[in-house]
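Read through the structure below, which is laid out as structure tokens, and then see the notes.
Only a predicted model underlies this, so the values are computations on that prediction, with no experimental measurement involved.
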Amino acid sequence: MKYRPLFRALYEASLWAYPPRFRERFGPEMMQLFDDRYSSIVQSSGSIGLIRFAAQLLTDLVWAVLRESIDSLQPDPQPVIAADFHFTLLGDQTPGPKSLAAGAVASIALFGMAVVAMEHWRGPNWRGDLYTSASAAPRLSGGGLASLPASGLGSSPASEQTPAGSRSSILDDLVGLFDIADVVALGEFHGSLEDAALRQSLLHHPDFPKKVRYVMVEFANSLHQDILNRYIQGGDVQPAEIQKVWRDITTPGGADSPVYAQFFDEVRAVNLRLPDNLKLRVLAGDPPLDWSVVKTREDWRRVASTRDAFAAGLLSREVLEKGEKALVIFGAGHIWRNAAGGPIPAGSTLVPLLDRQYRGRIYTVLPIRGGSYPNSGRLESAPTSAQRPILLILKGSPIGALDPNEFVSGPFNLPFRMFPSGITMDDVADACVYRGTAPDLPVNAAPAAAENPAYDREKARRKQLLAPPIPGPRPLNAA
């Protein structure tokens with residue numbers, strides 16, 4: 001919105017190219033149309049839309065002046081026609097020297113502004129490298145990934161890495177998916193260093209904020225959405241306050257790994273270096289659970305049982321129904337398609353719920369667990385020359401034809417088959433992130449971070465509530 005006053009002043013000045021009677025009659029309406037059109041363009045197209053808008057205004061102005069000069073020679077006056085900024089003027093007054101001079105000045109100004117904006121767009125401050133000159137954002141996670149062992153995408157924080165080498169290909173591929181889908185669901189293994197480094201590097205890809213407005217995550221309690229909003233927008237939020245966002249989720253201790261706090265730090269760092277119209281929003285995808293009123297397992301179950309339905313509804317309201325785009329980061333099991341085994345009813349998880357209404361608009365990307373397990377060598381049909389990780393499209397590929405019970409759910413050592421016979425990997429997801437045979441590195445909470453007696457006691461209470469009841473001895477008279 002910072003360019004609105006300049007655009008508005010130039011457009012208002014350009015009205016002096018029109019006859020006085022026209023300005024008196026239609027001037028206010030034209031300015032109102034300008035305000036409405038400007039707001040619509042900023043919301044839908046951003047800066048590149050404003051460049052087109054400036055060119056359109058310039059064309060309209062020059063055309064109006066030329067038509068006014070020509071038609072003023074006609075003997076019969078014609079009515080004035082106005083329609084959505086394409087103003088064609090057929091009046092009975094020839095524009096005077098002052099009007100023509102004002103029109104020429106406004107035309108030159110608008111044309112020059114368009115050229116400058118185009119050059120500015122091509123420069124680093126408009127291409128996503130704009131955050132390179134800003135100061136680093138404050139962090140709450142005590143160094144986050146910087147203190148973790150080197151593996152996969154590197155040991156330094158994602159904010160200090162430039163996507164290059166083995167990372168540039170998969171990051172470009174992931175960002176490119178938003179050209180064909182409105183939502184890209186990126187599955188994760190909880191606490192995985194490789195998954196964390198990949199998504200944080202993705203945040204810093206120069207094209208990511210140009211294409212994506214929202215990120216919905218599993219590891220944030222929506223009861224604290226206001227706190228999360230303030231933090232990622234650069235507000236003054238105390239550590240104890242922001243920590244509630246991931247500590248109060250429906251799975252006690254499920255987001256204590258520092259990779260989750262680090263993710264919010266990275267979003268904050270990116271937003272502090274972005275213009276307002278490109279700032280990212282993070283949607284807390286876990287349902288609003290107030291642990292202070294949870295006294296029994298049933299209290300918890302009433303909320304926790306809505307996890308996937310809540311996330312699907314949130315994404316529908318805030319993203320899909322508004323024509324926006326979003327990156328979704330949830331545990332891999334939430335984005336499986338065609339799962340039918342185990343305790344979770346078929347079709348009740350996040351992506352299957354979304355597919356009912358938005359099939360074709362959701363693109364799913366699963367992580368394939370690294371390391372060696374039975375038959376994992378069959379995954380090496382992936383290009384051997386490519387450095388890991390790589391994005392593999394499953395549809396029509398040899399890997400897509402494999403059994404997901406081996407390669408998707410198999411590494412979890414489940415005692416049952418998650419997928420029916422005949423279901424292949426490309427029935428379960430659209431693509432996968434393949435990291436090769438190097439084992440995953442889980443990142444657990446550091447002992448120092450866990451030294452919070454009050455939180456430890458509360459977490460223990462929550463886990464005790466969730467523990468299934470221990471069956472007692474059967475009464476002697478039981479049937």
Side-chain angles (χ1 to χ4, degrees), residues 170 173-174 176-177 180-190 192 194-195 198 218 305 307-309 311-312 315-316 320 328-384 386 388-437 439-440:
I170 189 170
D173 291 342
L174 288 171
L177 294 177
I180 61 174
D182 294 324
V183 170
V184 174
L186 183 61
E188 69 144 359
F189 297 125
H190 295 318
S192 165
E194 290 80 9
D195 288 342
L198 176 62
E218 180 185 5
S305 62
R307 291 176 66 201
D308 289 86
L315 196 67
S316 174
L320 291 163
V328 170
I329 302 170
F330 265 61
H334 293 274
I335 69 173
W336 290 346
R337 294 185 172 109
N338 296 305
I344 302 175
S348 66
T349 49
L350 176 57
V351 166
L353 288 173
L354 291 169
D355 278 344
R356 295 176 187 175
Q357 185 174 355
Y358 304 106
R359 181 169 291 277
R361 298 176 64 183
I362 317 296
Y363 198 97
T364 59
V365 181
L366 286 179
I368 297 297
R369 189 176 290 281
S372 298
Y373 47 90
N375 296 322
S376 63
R378 296 171 65 189
L379 294 174
E380 280 300 326
S381 59
T384 56
R388 309 297 189 246
I390 56 176
L391 184 70
L392 297 176
I393 307 302
L394 295 177
K395 186 65 68 176
S397 72
I399 292 178
L402 297 176
D403 182 359
N405 289 294
E406 283 190 77
F407 302 103
V408 175
S409 62
F412 293 100
N413 297 315
L414 299 175
F416 44 79
R417 290 174 62 88
M418 282 299 308
F419 305 97
S421 298
I423 294 294
T424 58
M425 285 181 63
D426 61 5
D427 295 321
V428 176
D430 298 304
C432 67
V433 175
Y434 177 58
R435 297 194 287 257
T437 58
D440 296 328

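Remark: side-chain polar atoms of Arg356 are paired, donor with acceptor, to backbone N or O of Gly347 under 3.5 angstrom. Side-chain atoms of Arg361 come within 3.5 Å of backbone N or O of Leu320 as a donor-acceptor pair.
Summarising the geometry, atom CD belonging to Glu406 is positioned 9.0 Å from atom CZ belonging to Arg417; distances are rounded to the nearest 0.5 Å. Atom CD1 in Ile399 sits 11.0 Å away from atom CD1 in Ile393 (nearest 0.5 Å). We find the CE-CH2 distance between Met418 and Trp336 to be 5.0 Å, quoted to the nearest 0.5 Å. Note: Phe419 CZ to Asn405 CG = 6.5 Å, rounded to the nearest 0.5 Å. Between Cys432 atom SG and Asp426 atom CG the span is 10.5 Å, to the nearest 0.5 Å. One finds the CG atom of Asn338 at 4.0 Å from the CD1 atom of Ile423 (value rounded to the nearest 0.5 Å).
Using a 4.5 Å heavy-atom threshold, the side chains of Leu353 and Leu350 count as separate. Side-chain atoms of Leu366 and Leu394, non-hydrogen and from C-beta on, never get closer than 4.5 Å to each other. Looking at Leu174 and Leu198, their side chains come closer than 4.5 Å, going by heavy atoms from C-beta outward. In this structure, Asp430 and Thr364 have side chains that are in contact, with non-hydrogen atoms separated by less than 4.5 Å.
Scanning all heavy atoms of the two residues, the minimum distance from Ile368 to Arg435 falls at O-NH2, 4.3 Å. Across Ala340 and Pro420, no two heavy atoms sit closer than the pair CB-CG, 3.9 Å. Across every non-hydrogen atom of Asp427 and Gly422, the tightest pair is OD2-O, 4.0 Å. When all heavy atoms of His190 and Gly331 are compared, the pair lying nearest together is CE1-CA, 3.6 Å. Closest of all the heavy-atom pairs between Ile335 and Ala185 is CD1-O, 3.6 Å. Minimum heavy-atom separation, Val433 to Leu391: CG2-CD1, 4.3 Å.
Residues satisfying the side chain to side chain donor-acceptor pair (under 3.5 Å) test with Thr349, not counting sequence neighbours, are none. Here Tyr363 pairs with nothing under the side chain to side chain donor-acceptor pair (under 3.5 Å) rule; sequence neighbours left out.
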